[in-house]
Amino acid sequence: MTEVIKVTNLQQGYGKRIILNDINLNINSGDILGLIGPSGAGKTTLVSTIMGMLKPKQGTVTVLGTPMPNRKLLGKIGYMAQTDALYSVLTARENLTFFGEMQGMSKAELQKQIPYATGIVNLNDDLDKYVKDYSGGMKRRLSLAIALLADPELLILDEPTVGIDPELRQQIWKELHRLADEGKTILLTTHVMEDAEQSSYLMMIRGGRAIAQGTPDDLISQYHVNSVEEVFLQAGRDQDAHTSND
Amino acid sequence: MRTLAMIRRVFREMLRDKRTLALMFIAPLFILSLVYFLFQGNTTTTASLATRNVDSSMVTAIKNKHIKIHDVNSDKSVKTIIREHDYAGMLSQNGDKLTLTLANTDQSKSAVIKQSLQAAQAKLKGQAAATTIKTQAQALQKMQAALGAATHTPVNATTNVGNLKAKLGSTSYTTKTHYLYGSKDSTFFNTLLPIMMGFVVFFFVFLISGIALLRERTTGTLYRLLATPVKRGEIISGYLCGYGTFAFIQTLLIVLFTMYVFKIQILGSIWLVLLINVLLAMVALTLGLLISTFASSEFQMIQFIPIVAIPQIFFAGIIPISSLPGWLQPVSYIMPLYYGASSMSAVVQKGVGFMDVLPNLSILLLFAAVFLVLNLLTMRKYRQV
Ligand SMILES: Nc1ncnc2c1ncn2[C@@H]1O[C@H](COP(=O)(O)OP(=O)(O)O)[C@@H](O)[C@H]1O
Ligand SMILES: [Mg+2]
């Protein structure tokens, strides 16, 4: 097991505004990290920092042994953005090919990987449709396929399950677990408890602070509750009590 | 490799967007045609032309349905004759020297006369060439016959050819044109055209490339692109080559259109005209990409047009820079279109060469380079490496 993501004493923000404070995180290969928190908590900001799109204001981020930001390392990361970033006048296949080429894949690799990636998200039959004719859920699935395309060592998925029906969600989770068993590392953000329960490691963010982190079982026993959801609620109450004491 | 993929994508997007294609290729021609009809005036005008001592072959060649010829014998000065009879122009001949005097009160009439005279000279030259070829062929036949008969006669045959040529030689005239009012540059359309060509290229390339990158920003694809190991330079060069190709085709179309539909004579090299327009397109492209950074919607991009694009046209030479208020004149030096349009005017109307417009071209290149660097810097907002 090697260390894939290491975040130490991270402080992050936009301009003068501080969004994240005192974030510490260690993720090993084979882990599925669930970043959970209400919207506006700073999940996307943390993800962007880990990818190196933003420079840390303070503290350090290391991914696969390389200090971030680092452009070349992005080739080893499969990324799915929170909003679908697709070219609507291109077909799904053309979108996959284009982003694959940008990722640095060869023609042969693309030929092999496109059926695999679209198979996971059930898009094989709609590959040659224009994306502008896709439904919201189909676009979400195509974005996920693009992230899976290059068979990356690290998958970073920002709210991957929004707009995806339960049956397909199960199929996707099955694949994510298979990838993790292979030694790939997965980081995903969510505000859905079902996703949190599937993760092997959880980090709860609220108001820019990590209010709880650990494996789901550890957290449940630590907070003396019965579910991940209750952990989250209890951790939130603790945080509120703490801040009102100040 | 990545740049190539970018270019391929730009091509695909562009070719599938019929409306943008039309905006790029048809709208400029439409605008130029509009300008043409507005400023060229009525092309069905008939111009009255007085002639004095002009060869009858020449007069016949000039005749067409837009020209009314009046043969005059009076010894009065050209100015007086034109004024007395309100002729649009007068052509007089002295030896093989033609002098054309144009009243130039109605520039479309001056244009009709000039065109007719040019056409007439071309026609006569053509006829002369045809006759020469015929006589030469005849002479050759004679020579062959003579050679066949006896070897000591060819000298005669050659002399014959010389004689025939001498008789036909008088068809090459030299023409001088005078103007009673204004100058040869006074057709407003002629002044306007090179500037409009430059402006139209600038405007549409600016708008289309700007909106394209803006759309890429607002849909998040730019951010998604930067989440791959692509270099910022590769994205920008993909845009430059991709949209640059369309800008080049647009320029080519506009130049050919003005040459063959408006029959505008480009005095200088057409390659130079293309080069100037391509450089102008590059500046527009890089500026469009840059400006799109400061817009957050297509509507905001449109709001930049009156600020960035429209003022350029006032400083491009439609109103001579020297006639602007003194404090306003230096403003033209920060307007890329000023350099592009003044080079265009010089090449189209005065026929100047590459070396003469080189300083202007270098400045355009500098503009493009500066905008390019600024583009690379602003993209840091999305990915800080
Ligand atoms: N580009 C940005 N510039 C300034 N503020 C931002 C930017 N992106 C996000 N924020 C702010 O940062 C905070 C956290 O946002 P985000 O990380 O997107 O939260 P989450 O992904 O958890 O919903 C929000 O208050 C948001 O307004
Ligand atoms: Mg988010």
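No experiment lies behind these values; they were computed from the predicted model shown.
Heavy atoms from other residues, nucleotides or ligands lying under 6.0 Å from CZ of B/Phe30 number 12 at most. Residue-environment remark: CD (A/Gln111) stays at or below the threshold of 12 foreign heavy atoms within 6.0 Å. The neighbour count for A/Lys132 NZ, taken as heavy atoms of other residues, nucleotides or ligands under 6.0 Å away, is above 12.
Neither the backbone nor the side chain of A/Leu73 comes within contact range of chain B; no heavy atom of the residue lies under 4.5 Å from a heavy atom of that chain. Neither the backbone nor the side chain of B/Glu234 comes within contact range of chain A; no heavy atom of the residue lies under 4.5 Å from a heavy atom of that chain. Using a 4.5 Å cut-off between heavy atoms, B/Arg16 touches chain A through its side chain atoms alone.
For chain A, the option among B/Leu222, B/Thr228, B/Leu4 with the highest count of heavy-atom pairs below 4.5 Å is B/Thr228. Residue with the most contacts toward chain B among A/Thr83, A/Leu74, A/Ile146: A/Leu74 (heavy-atom pairs, distance under 4.5 Å). Looking only at heavy-atom pairs under 4.5 Å with chain A, the residue among B/Lys381, B/Lys231, B/Arg380 that has the most is B/Lys231.
Chain B is approached within less than 4.5 Å, heavy atom to heavy atom, by no residue from residues 151-164 of chain A. For a heavy-atom cut-off of 4.5 Å, chain B lies close to A/Tyr130 in residues 117-130 of chain A. Residues from residues 7-24 of chain A never place a non-hydrogen atom less than 4.5 Å from a non-hydrogen atom of chain B. Within residues 36-72 of chain A, the residues having any heavy atom less than 4.5 Å from a heavy atom of chain B are, in residue-number order, A/Ser48, A/Met51, A/Gly52, A/Met53, A/Leu54, A/Lys55, A/Pro69, A/Asn70, A/Arg71, A/Lys72.
Between the B/Arg224 side chain and the A/Asp84 main chain, no donor and acceptor come within less than 3.5 Å of each other.
Taking the centre and axis of the six-membered ring of A/Phe98, the NZ or CZ atom of B/Arg8 falls outside the cone set by 45° and 6.0 Å.
Side-chain contact check for B/Arg12 versus A/Val89: every heavy-atom pair is 4.5 Å or farther apart.
If you take CZ on A/Phe99 and OG1 on B/Thr221, they are separated by 6.0 Å, rounding to the nearest 0.5 Å. How far OG of A/Ser106 is from CE of B/Met1: 8.0 Å, rounded to the nearest 0.5 Å.
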Step by step, would you call B/Arg9 with A/Glu101 a salt bridge (Lys or Arg N to Asp or Glu O under 4.0 Å)? CA-CA 11 Å; B/Arg9 199 207 82 218; A/Glu101 284 171 322; over 6 Å; no
